[in-house]
Amino acid sequence: MPKFYCEYCDLYLTHSGLSGRRQHLTGRRHINNKIEYYQMLIREKGLTPPIYPPPPGMVLPMPKLPSTTTGTLPSLPSGLPGLRPGMMPTLPGLGGLPRMPKLPG
C-alpha cells in the first residue's frame, strides 16, 4: 500500500493505514490547514468551497415559518361526549398522559 499524501498539510503519512489516515484527518493541525487552504482560495481567486448535501440520516433544522396563530390549539366542536371544557381528547385505549407534578413556590 503506497504512502498517503495529504495535500493540505503537504506531507506523506508514515502510518498510511485506515486508522492512521482517520487520526490525521481528524487532527487539529490538518483541520486548521484545510480551513486556511479554503480561505486562501476565497481570498485570492474568489472561489468558494463545494457544498455537499448532508450525509444520510442527518436532519437539517426546519426553517421557522411565520405563525398566524397565537399559539393556542384550534377550538374543538362543542358537544363531544365526556369532554369538559379545558380537557384534551385522548386516543381510545391509551388513557391520559401523566401530568407533571407542580413545583413548590
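In this structure, SG in C6 is found 6.0 Å from CG in L11, a value given to the nearest 0.5 Å. Summarising the geometry, atom CZ belonging to F4 is positioned 6.5 Å from atom NE2 belonging to H24; distances are rounded to the nearest 0.5 Å.
With sequence neighbours excluded, the residues forming a ring-ring contact (aromatic ring centres under 6.0 Å, His included) with Y8 are H30, Y37, listed by chain and number. Evaluation of the side chain to side chain contact (heavy atoms under 4.5 Å, CB included) rule for R28 yields N32 as partners, not counting sequence neighbours.
Within 6.0 Å of the OH atom in Y5, the count of heavy atoms belonging to other residues, nucleotides or ligands exceeds 12.
You'll find the side chain of L13 stays beyond 4.5 Å of the side chain of K3, heavy atoms only. By the 4.5 Å heavy-atom criterion applied to side chains, L25 and K34 are not counted as neighbours.
The other members of the hydrophobic cluster of I35, by chain and number, are I31 (side-chain heavy atoms under 4.5 Å, ILVMFWY only).
Listed for the T26 side chain is a donor-acceptor partner under 3.5 Å among the backbone atoms of Q23.
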